[in-house]
There are 2 protein chains.
Amino acid sequence: MEEPLSKAFAALADPTRRDIVARLAAADATVGELAEPYAVSVQAISKHLKVLEDAGLVSKTKVAQSRAVHLEAEVLDLMTAWIERYRQRAEQRYQRLDAVLAQMTEEEGHAS
Amino acid sequence: MEEPLSKAFAALADPTRRDIVARLAAADATVGELAEPYAVSVQAISKHLKVLEDAGLVSKTKVAQSRAVHLEAEVLDLMTAWIERYRQRAEQRYQRLDAVLAQMTEEEGHAS
DNA sequence: GAAGTCTTCAACCTGATGGTTGACAACGGC
DNA sequence: GCCGTTGTCAACCATCAGGTTGAAGACTTC
């Protein structure tokens with residue numbers, strides 16, 4: 001299933017949502033608390049939280065009449081796993097390329 | 001600057017683009033080669049590659065009449081750095097919560 | 001139970017995105 | 001020099017994303 005990754009990457013593509021995630025990493029917060037610093041309506045933040053929740057990055061628990069939002073580490077884990085897999089391959093290929101270039105330079109040196 | 005992260009996350013939100021990245025991790029390829037497996041026009045893939053290029057995930061070098069596309073590891077690095085930063089904090093908080101709950105359970109045991 | 005607070009749902013607008021087709025620029029092979 | 005191949009640009013279309021305002025749901029408090 002790669003749907004979760006699509007939703008997760010899309011969710012973190014928005015600066016406001018990344019900021020929310022950053023703040024939630026420090027401490028849980030209610031919807032109202034999260035909305036306070038931004039110059040948009042509470043409804044807009046509620047939508048952002050829904051996107052984060054649908055991506056599995058965040059979960060809410062009813063607390064009195066408000067909702068406590070907290071960060072879920074698992075999907076973040078999936079994301080790094082995906083990225084690292086290909087970053088490492090790319091880096092390895094890059095180093096191999098360096099080796100090939102060094103080899104070519106060396107051989108050129110011998111030829112001249 | 002967080003513009004690069006926005007573009008990078010948005011770029012990887014699309015399954016076709018993630019697939020392209022995955023293939024480029026194995027080997028460089030031309031635009032035509034990259035487009036071949038998908039049931040869309042070459043122009044559509046060209047657009048996808050432009051998105052990846054604007055995000056700094058990919059670069060192209062003119063080779064004869066075609067263009068060799070290759071993966072850039074650096075932005076992938078930025079992404080994992082960002083994610084890991086907050087994933088680790090979230091995980092630490094989670095473990096701390098576990099400790100608190102264990103403490104509460106223990107104290108409850110003493111009270112009863 | 002009426003009032004107030006916190007959050008979400010619904011309808012709507014605007015701009016971005018992913019796709020199409022058609023034209024064109026650039027380059028190698030003959 | 002022309003033709004075929006490769007890739008991009010432009011215009012267009014449909015859908016989605018992020019924002020707004022207004023109304024309604026859910027729960028405390030008095």
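FYI, side chains are in, hydrogens and waters are out, and symmetry mates aren't considered; it's all heavy atoms of this structure. Chain naming here is simple, since letters A, B, ... match the order of the sequence lines and numbering starts at 1 in each.
Here the side chain of A/Thr30 pairs no donor or acceptor atom with the backbone of A/Ala68 at under 3.5 angstrom. In this structure, A/Arg89 contributes its side chain and B/Ala25 its backbone to no donor-acceptor pair below 3.5 Å. Under the 3.5 Å distance criterion, the side-chain polar atoms of A/Arg67 are left unmatched by any main-chain donor or acceptor of A/Val31. Between the side chain of A/Arg87 and the main chain of B/Ala73, no donor-acceptor pair closer than 3.5 Å is present. Under the 3.5 Å distance criterion, the side-chain polar atoms of A/Arg17 are matched with a main-chain donor or acceptor of A/Ala10.
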Nucleotide N/O of nucleotides 22-30 of chain C paired with protein N/O under 3.5 Å:
unit_1: C/dG22; atom_1: O6; unit_2: B/Gln43; atom_2: NE2; d: 2.8

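Of the candidate nucleotides C/dC6, D/dG18, D/dT20, C/dC6 has the atom nearest to the side chain of A/Ser66.
Both B/Val42 and B/Leu49 are members of a single hydrophobic cluster when ILVMFWY side chains are connected at heavy-atom separations under 4.5 Å. Taking hydrophobic clusters as Ile, Leu, Val, Met, Phe, Trp and Tyr residues chained together by side-chain heavy-atom distances below 4.5 Å, A/Val51 does not share a cluster with A/Tyr38.
Between A/Ala55 and A/Val75, the shortest heavy-atom distance links the atoms O-CG2, 3.6 Å.
For the segment residues 30-38 of chain B, the set of residues with a heavy atom within less than 4.0 Å of an atom of DNA chain D comprises B/Thr30, B/Val31, B/Gly32, in numerical order. Within residues 45-61 of chain B, the residues having any heavy atom under 4.0 Å from DNA chain C are, by residue number, B/Lys47, B/His48.
Atom pair B/Ile20:CD1 and D/dG7:P shows a separation of 13 Å (rounding to whole Å applied).
Taking side-chain N and O atoms only, B/Ser41 has a distance below 4.0 Å to OP1 or OP2 of C/dT20.
Within 6.0 Å of CD in A/Glu74 there are 12 or fewer heavy atoms belonging to other residues, nucleotides or ligands.
Ion pairing between a basic and an acidic side chain is recognised when a charged N comes within 4.0 Å of a carboxylate O; B/Glu53 and B/Lys50 show no such pairing.
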